[in-house]
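See structure below.
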Amino acid sequence: MKVGIIGSGGREHTICEILKKSTKIEKIFCFPGNAGTTGIAENVNINLDNFEDLKNFILKNKIDLVVIGPEKPLVDGIVDYLEKFKIKVFGPNKTASQLEGSKIFTKKLCEKFNIPTAKFGIFQNETDAKEFLRNSKFPTVIKADNLASGKGVYICNDINEANIAIEEIFKGKFGEAKNLLIEEFLQGEEMSFFIISDGKSIKNFETAQDHKRVFEGDKGKNTGGMGAYSPSRLITRKLEEKIINKIIKPTLQGLKNLKTEYKGFLYAGLMIVKNEPFLIEYNVRMGDPECQTILPKLETDLAEIFLACCEEKLNTININWLDKKSLCVVLCSKGYPDKFKKNVEIKNLENIKLNKNDYLFHAGTIKKDEKIFASGGRVLNFVSISDDFSTSRNNVLKKLNKLNWSGGFYRNDIGYKVIK
Ligand code: AMP
Ligand code: GLY
């Protein structure tokens, strides 16, 4: 089977690497991929906004199945477009992708189906939003409605911070804003919960905890994710049942009422408050770096899983996992998530020896003349699986130490809540 993977991050290299283990795979194409995927796939540079060029390439090269990594093409309707040409695609359609594309869409769905989430208000202009805040409690949470690469969320400690957030959003910092969301601040512990769906049935796809803040101790700015561990320390059978019954199932029912269904990975960002799950946000894809952290534990053939989803046969397969503790640390370019240098060479990579349970997934890297250069904010993902989080983290940190890349930095404390 020939598979195409859309995306260029750590998530996509991981999918590529894990797919490669399948005997079903004949060839992988990455659109556009990174330095890590060059050895195992053909990297193809096509503008991802140009669905037609992409479709032509897929048809010409007889690609059997296309997997969409990032949210933007999903929200833009790539699945609907490719399916019109009878191409098998793994990922949700444009309507279902509104779960990530519009926070207000999701909040309204929560309201209609009684899905536990933070109390909220929707505001169409600065005056109304500011007026509402005069009688609010702080901290409060203010969010832009549209896709903002994780940056459109403000946790405001006082009225001044809140006013700045409102002004920035309505001035268009995250794209044209017709409205914004003001939300109650939930105090609890976060958890990333994943399922996979073929539109007819669902299966759990593990849990993780990521570290979004840039500095140790979960301080500083939000990033795409500085590291993660899986499973989450919070997950129990009982909590899992609550998440499925109170959050996931009503959401899928909500989509059915809109005459659509959900196919692909669904990632629920949850706040667990006194053992009760609250939905913070949905993502219509795997998390990054959660994907890097979770997939190395997968025992079942990933190609079979994707195929089963596209053929609505997910209920016919079992998804098995290694009972291991996985931990991922992300090596970033110095300066990230603000300004950082590009095209900095990463030497020494060939000296990193990986054991059977260690993984190195590329993110923002490119290969030129057999040399590897950093091209993005998040550059490399080091992952290790073992029987305990402490061993996994030690394995990862030893490799990072050995690489000793002067252009980068990373957090030494990933997983501190599960490691003494
Ligand atoms: P989001 O992009 O919606 O996931 O928000 C980014 C981060 O902001 C989340 O991972 C949480 O840490 C935090 N956050 C968002 N909404 C809330 C809320 N209602 N209460 C507390 N923290 C929140
Ligand atoms: N790690 C968070 C995300 O993928 O959105």
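Just so you know, these numbers use all the heavy atoms, side chains as well, and skip hydrogens, waters and symmetry mates. Read the numbers this way: they start at 1 and go in the same order the structure lists the ligands and their atoms.
Residue Q187 places no heavy atom under 4.0 Å from ligand 1. Using a 4.0 Å cutoff on heavy atoms, T117 does not count as a contact of ligand 1. Using a 4.0 Å heavy-atom cutoff, R285 is listed among the residues neighbouring ligand 2.
Taking a cut-off of under 4.0 Å to the non-hydrogen atoms of E183, the atoms of ligand 1 that pass are 16 (N), 18 (C), 19 (N). Using a 4.0 Å cut-off to heavy atoms of A118, the atoms of ligand 1 that qualify are 19 (N). Listed by number with element, the atoms of ligand 1 under 4.0 angstrom from any heavy atom of K143 are 3 (O), 15 (C), 16 (N). Counting atoms of ligand 1 from 1 in the listed order, those under 4.0 Å from a heavy atom of K212 are 10 (O). Here is the list of ligand 1 atoms found below 4.0 Å of a heavy atom in E184: 18 (C), 19 (N), 20 (N). Listed by atom number, the atoms of ligand 2 under 4.0 Å from D210 heavy atoms are 1 (N), 2 (C). Listed by number with element, the atoms of ligand 1 under 4.0 Å from a non-hydrogen atom of K103 are 2 (O), 3 (O). Under a 4.0 Å criterion applied to the non-hydrogen atoms of G224, ligand 2 contributes the atoms 1 (N), 2 (C). Within ligand 1, counting atoms from 1 as listed, the ones closer than 4.0 Å to a heavy atom of M271 are 21 (C), 22 (N). Near F185, the atoms of ligand 1 lying under 4.0 angstrom from a non-hydrogen atom of the residue are 20 (N), 21 (C), 22 (N). Of all atoms in ligand 2, numbered sequentially from 1 with element shown, those under 4.0 Å from a heavy atom of G287 are 4 (O). Residue contact check: E290 has heavy atoms under 4.0 Å from atoms 1 (N), 2 (C), 4 (O) of ligand 2.
Looking at S386 and N395, their side chains never bring a donor and an acceptor atom within 3.5 Å of each other. Checking D288 against Q292 by side-chain atom types alone, a donor-acceptor pair falls below 3.5 Å. Using modelled atom types and a 3.5 Å distance limit, the side chains of N50 and N47 yield no donor-acceptor pair.
A salt bridge between E216 and K219 is absent, with no side-chain N of the basic residue lying under 4.0 Å from a carboxylate O of the acidic one. Ion pair K94/D76 not flagged as a salt bridge, since none of the NZ, NE, NH1 or NH2 atoms sits closer than 4.0 Å to an Asp/Glu carboxylate oxygen.
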Evaluate D64 against K88 for side-chain contact (heavy atoms from CB on, under 4.5 Å), listing each step before the verdict. CA-CA 7 Å; D64 302 286; K88 277 198 186 109; over 6 Å; no

Using the rule given for side-chain contact (heavy atoms from CB on, under 4.5 Å), can you reason through V66 versus V3, listing the C-alpha separation, both sets of side-chain angles and the distance that settles it, and then say yes or no? CA-CA 6 Å; V66 182; V3 179; over 6 Å; no

Under the criterion side-chain contact (heavy atoms from CB on, under 4.5 Å), I'd like the reasoning laid out for I68 against R285: C-alpha separation, chi angles, the key distance, then a yes or no. CA-CA 8 Å; I68 319 290; R285 52 177 172 80; over 6 Å; no

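Across I182, T106, V141, heavy-atom proximity to atom 18 (C) of ligand 1 is greatest for V141.
For the pair F105 and T95, the tightest heavy-atom approach, listed with the atom from each and the gap, is CZ-O, 4.1 Å.
Contacts with ligand 2 closer than 4.0 Å are made by no heavy atom of M286, backbone or side chain.
Taking the six-membered ring for Trp, F57 and F29 have ring centres closer than 6.0 Å.
S102 places no side-chain N or O within 3.5 Å of a backbone atom of Q98 that could act as its donor or acceptor partner.
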